[in-house]
Engineer: 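Please see the structure below; I have some questions.
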Amino acid sequence: MAKKGRTVFLAFDVPLEVEQNYVFEIWKAFARSLYITRQKLAPLKIATRHYTAMAILASSDHSATQSTLVKRMGLSPNVVLGMVDYLDRLGYTKRVRNPRNRRENIVLLSEKGRNAYDQAFRLLKQAEQEFLSSLSGEECKQFLDITKKLGESVPSIRDLAID
């Protein structure tokens, strides 16, 4: 359990010097954000990576090749294949052969998928509000500015191995 003067977040103790580390604090914020996001997206039976794939499809006139999803998301082909299979089973996407390259599939966002994407967008706005609820309007702006600045110092998501 947490000791006097320490925050309760984990089911186990960590040394105080770890709790006071920036990276640990960022991880805790990420974990809280992920927890809230998962709760919000649960009714749609999707996770953030499914939402991201749907967002790419929505921004690409409702379709993209599986190869495009691999490149844009920075994930392995096997992971993207599993995601697309899952979205297909939910009825959010469907695949058709690429007429220009018969070895490749085009992934289409179905009408049901577009509706789910729109709903997920609204749910994620709620998640954002819940996550940032302890901050003032100015602090929210500062948080966004700081996280964007920190994000600029890392490689593109496409260059990171995040499987």
Engineer: Within this structure, what is the CG-CG distance for the pair Leu144 and Leu135, rounded to the nearest 0.5 Å?
Structural biologist: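 Going from CG on Leu144 over to CG on Leu135, the span is 11.5 Å.
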
Engineer: Hey, could you give me the CD/CD distance between Glu139 and Gln142, rounded to the nearest 0.5 Å?
Structural biologist: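 Result: 6.5 Å between the selected atoms.
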
Engineer: Output yes when Lys28 and Glu25 qualify as a salt bridge under the 4.0 Å nitrogen-oxygen rule, no when they do not.
Structural biologist: yes

Engineer: What are the two closest heavy atoms between Ala120 and Tyr51, and how far apart are they?
Structural biologist: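 That would be CB-CD1, 3.5 Å.
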
Engineer: Do you know the tightest heavy-atom contact between Thr93 and Leu57?
Structural biologist: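 In this case the closest contact between Thr93 and Leu57 is CG2-CD1, 3.7 Å.
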
Engineer: Tell me whether Phe121 is reachable from Ile56 by hopping between hydrophobic residues (I, L, V, M, F, W, Y) whose side-chain heavy atoms are closer than 4.5 Å.
Structural biologist: yes

Engineer: What about Phe131 and Leu124, same hydrophobic cluster or not, with Ile/Leu/Val/Met/Phe/Trp/Tyr joined at side-chain heavy-atom distances under 4.5 Å?
Structural biologist: no

Engineer: Which atoms form the tightest heavy-atom contact between Tyr117 and Ala58, and what is the distance?
Structural biologist: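 Closest approach of Tyr117 to Ala58: CE2-CB, 3.7 Å.
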
Engineer: So, for Gly91 and Ser110, which heavy atoms are closest and what is the spacing to 0.1 Å?
Structural biologist: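 Result for this residue pair: O-OG, 2.6 Å.
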
Engineer: So Val80 and Ser67, do their side chains get closer than 4.5 Å, heavy atoms only?
Structural biologist: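 No, side chains not in contact.
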
Engineer: Does some side-chain heavy atom of Leu75 sit less than 4.5 Å from a side-chain heavy atom of Leu69?
Structural biologist: no

Engineer: Which of these, Leu87, Val107, Asp118, sits in a side-chain contact (heavy atoms from CB on, under 4.5 Å) with Met54?
Structural biologist: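 Checked Leu87, Val107, Asp118 against Met54; only one passes side-chain contact (heavy atoms from CB on, under 4.5 Å): Leu87.
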
Engineer: Check whether any side-chain heavy atom of Phe143 lies under 4.5 Å from a side-chain heavy atom of Thr147, and answer yes or no.
Structural biologist: yes

Engineer: What residues form a salt bridge (Lys or Arg N to Asp or Glu O under 4.0 Å) with Lys141, not counting sequence neighbours?
Structural biologist: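 By the salt bridge (Lys or Arg N to Asp or Glu O under 4.0 Å) rule, Lys141 matches Asp145.
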
Engineer: Kindly compute the distance separating CD (Glu130) from CD (Gln39), expressed to the nearest 0.5 Å.
Structural biologist: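 Separation between the atoms: 6.5 Å.
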
Engineer: When rounded to the nearest 0.5 angstrom, what distance separates CH2 in Trp27 from CZ in Phe30?
Structural biologist: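 Those atoms lie 9.5 Å apart.
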
Engineer: With sequence neighbours left out, write down each residue that passes side-chain contact (heavy atoms from CB on, under 4.5 Å) with Arg89, or none if nothing qualifies.
Structural biologist: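 With sequence neighbours excluded, Arg89 shows a side-chain contact (heavy atoms from CB on, under 4.5 Å) to Asp85, Tyr86, given in chain and number order.
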
Engineer: Checking side-chain contact (heavy atoms from CB on, under 4.5 Å) between Leu44 and each of Asn115, Leu90, Leu123, which is the one that passes?
Structural biologist: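 The residue from Asn115, Leu90, Leu123 that satisfies side-chain contact (heavy atoms from CB on, under 4.5 Å) with Leu44 turns out to be Leu123.
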
Engineer: Using a strict 4.0 Å threshold on nitrogen-to-oxygen distance, state whether Arg114 and Glu111 make a salt bridge.
Structural biologist: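 Salt bridge absent between Arg114 and Glu111.
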
Engineer: With side chains defined as the heavy atoms from C-beta onward, is the minimum distance between Arg95 and Gln66 less than 4.5 Å?
Structural biologist: yes

Engineer: Take atom NZ of Lys94 as the centre, draw a 6.0 Å sphere, and report whether it contains more than 12 heavy atoms from other residues, nucleotides or ligands.
Structural biologist: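 Counting neighbours around NZ of Lys94, 12 or fewer heavy atoms of other residues, nucleotides or ligands fall under 6.0 Å, so no.
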
Engineer: Passes side-chain contact (heavy atoms from CB on, under 4.5 Å), Tyr92 versus Ile46? Steps please.
Structural biologist: CA-CA 10 Å; Tyr92 294 163; Ile46 61 171; 3.7 Å; yes

Engineer: Does Thr48 offer a backbone N or O that forms a donor-acceptor pair with the side chain of Thr52 under 3.5 Å?
Structural biologist: yes

Engineer: For Ala127 and Lys40, which heavy atoms make the closest approach, and how far apart are they?
Structural biologist: CB-CG, 3.7 Å

